[in-house]
S.K.: 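To start, I am sharing the structure in question, which I have written as structure tokens.
Numbers restart at 1 for each chain; the letters A, B, ... are given by sequence-line order, proteins then strands.
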Amino acid sequence: EPEVTQTPSHQVTQMGQEVILRCVPISNHLYFYWYRQILGQKVEFLVSFYNNEISEKSEIFDDQFSVERPDGSNFTLKIRSTKLEDSAMYFCASSEGVLSYNEQFFGPGTRLTVL
Amino acid sequence: KNQVEQSPQSLIILEGKNCTLQCNYTVSPFSNLRWYKQDTGRGPVSLTIMTFSENTKSNGRYTATLDADTKQSSLHITASQLSDSASYICVVSGYNNNDMRFGAGTRLTVKP
């Protein structure tokens with residue numbers, strides 16, 4: 001059964017460093033998403049991506065964040081200068097369509113720890 | 001304000017027992033409501049999806065209900081198993097996938 005994969009599973013970095021989180025969405029899906037979940041809190045939407053551009057982004061997704069689909073399979077989230085409060089689980093998701101009855105399939109997440 | 005509130009925050013039950021989790025929402029416009037299961041350290045997995053015209057949806061031992069008038073949903077788990085230990089998240093959506101509102105989840109622990 002096709003699934004969304006994410007690498008690495010755990011990333012530890014120093015404050016101020018850049019990190020790139022990687023995701024491989026399900027191959028026939030066209031819409032891609034990044035979410036964040038701070039420990040013990042609810043899942044929060046960061047950004048959605050379609051046709052090589054951002055569709056929607058939340059207030060959390062400020063100038064330090066960027067997304068890219070560099071090679072037609074990978075979907076990346078870059079955090080330019082990490083802050084302590086960026087420590088969280090980051091989930092990638094993908095869906096066939098944008099309407100909400102199209103299920104989003106989530107990856108296993110990357111745990112980012114900023115020291 | 002578009003909100004999704006879940007109760008209880010956490011729940012401990014014995015293996016084999018039933019339980020019911022609650023979700024109240026104020027999200028508008030409303031398109032559908034999903035219940036997700038999230039194992040520790042993993043991404044959420046969809047259990048059920050209901051539109052406003054559906055009252056009940058079952059998936060094995062999971063049964064979800066929806067009252068669109070009172071904006072309430074419940075997830076009933078029958079004959080719980082140890083593997084049911086997880087967080088159960090209620091997600092209410094508008095018309096597109098950019099408009100999903102997540103509840104904080106109920107942490108269920110099933111003990112032998």
Side-chain angles (χ1 to χ4, degrees), chain A residues 1 3-6 8-10 21 23-26 29-50 53-61 88-113, chain B residues 1-7 9-10 21 23-54 57 59 64 66 68 73 86-107:
Chain A
E1 185 174 334
E3 58 181 12
V4 176
T5 60
Q6 291 185 242
S9 57
H10 191 187
L21 310 183
C23 167
V24 178
I26 294 173
H29 286 183
L30 301 176
Y31 295 84
F32 316 114
Y33 314 84
W34 282 102
Y35 293 87
R36 178 181 82 175
Q37 186 176 31
I38 296 170
L39 184 64
Q41 298 186 23
K42 64 177 67 175
V43 176
E44 301 172 290
F45 170 75
L46 290 178
V47 65
S48 61
F49 191 85
Y50 169 71
E53 60 183 29
I54 291 174
S55 303
E56 298 273 349
K57 60 182 181 178
S58 71
E59 293 176 350
I60 303 168
F61 194 88
M89 282 289 284
Y90 288 82
F91 294 105
C92 172
S94 69
S95 64
E96 286 184 341
V98 73
L99 296 179
S100 59
Y101 63 74
N102 295 121
E103 181 177 349
Q104 287 190 33
F105 292 83
F106 286 80
T110 292
R111 177 169 298 284
L112 177 64
T113 302
Chain B
K1 189 175 182 181
N2 290 328
Q3 294 279 21
V4 179
E5 301 292 338
Q6 291 188 242
S7 61
Q9 188 173 25
S10 62
L21 315 179
C23 174
N24 297 334
Y25 63 93
T26 58
V27 176
S28 180
F30 172 84
S31 176
N32 60 71
L33 184 148
R34 291 184 189 271
W35 282 93
Y36 282 87
K37 179 185 180 186
Q38 184 180 22
D39 292 311
T40 302
R42 308 290 295 180
V45 175
S46 180
L47 295 173
T48 63
I49 176 173
M50 288 184 293
T51 63
F52 70 91
S53 62
E54 295 176 294
K57 182 74 69 78
N59 177 5
L66 174 65
S73 176
S87 286
Y88 291 84
I89 304 173
C90 175
V91 182
V92 182
S93 296
Y95 296 125
N96 66 58
N97 266 325
N98 299 318
D99 193 21
M100 291 170 61
R101 307 288 175 153
F102 288 75
T106 292
R107 178 72 205 170

S.K.: Mark yes when over 12 heavy atoms from residues, nucleotides or ligands other than Lys42(A) sit less than 6.0 Å from its NZ; otherwise mark no.
M.R.: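 Above 12, so yes.
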S.K.: Non-hydrogen atoms of chain A under 4.5 Å away: do they reach the side chain of Gln6(B), the backbone, both or neither?
M.R.: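 For Gln6(B), there is no contact with chain A at all, as no heavy atom is under 4.5 Å.
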S.K.: Between Tyr33(A), Phe105(A), Phe45(A), who has the most heavy-atom pairs with chain B when the cutoff is under 4.5 Å?
M.R.: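 Winner by heavy-atom pair count: Tyr33(A).
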S.K.: So which of Ser93(B), Gly103(B), Gly94(B), Pro44(B) has the largest heavy-atom pair count under 4.5 angstrom toward chain A?
M.R.: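 Top option by heavy-atom pairs under 4.5 Å: Pro44(B).
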S.K.: Which atom names give the shortest non-hydrogen contact between Met100(B) and Tyr35(A), and what distance separates them?
M.R.: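 Nearest pair, atom of Met100(B) first, then Tyr35(A): SD-OH, 3.7 Å.
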S.K.: So which residue, Gln37(A), Gln104(A), Glu56(A), ends up with the most heavy-atom pairs under 4.5 Å with chain B?
M.R.: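 Max contact count across the listed options: Gln104(A).
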S.K.: Between Val47(A), Val4(A), Asn102(A), which shows the greatest number of heavy-atom pairs under 4.5 Å with chain B?
M.R.: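 Winner by heavy-atom pair count: Asn102(A).
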S.K.: Is it the backbone or the side chain of Arg34(B) that comes under 4.5 Å from a heavy atom of chain A, or both, or neither?
M.R.: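 Just its side chain gets close to chain A.
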S.K.: Rounded to the nearest 0.5 Å, what separates atom CD in Glu103(A) from atom OH in Tyr36(B)?
M.R.: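 One finds 5.5 Å between CD of Glu103(A) and OH of Tyr36(B).
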S.K.: At a heavy-atom distance under 4.5 Å, which candidate from Gly105(B), Ser87(B), Ala104(B), Ser31(B) has the highest pair count against chain A?
M.R.: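 Max contact count across the listed options: Ala104(B).
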S.K.: Considering residues at least two apart in sequence or located in another chain, which fulfil the side chain to side chain donor-acceptor pair (under 3.5 Å) criterion with Lys57(B)?
M.R.: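 Result, side chain to side chain donor-acceptor pair (under 3.5 Å) vs Lys57(B): Glu54(B).
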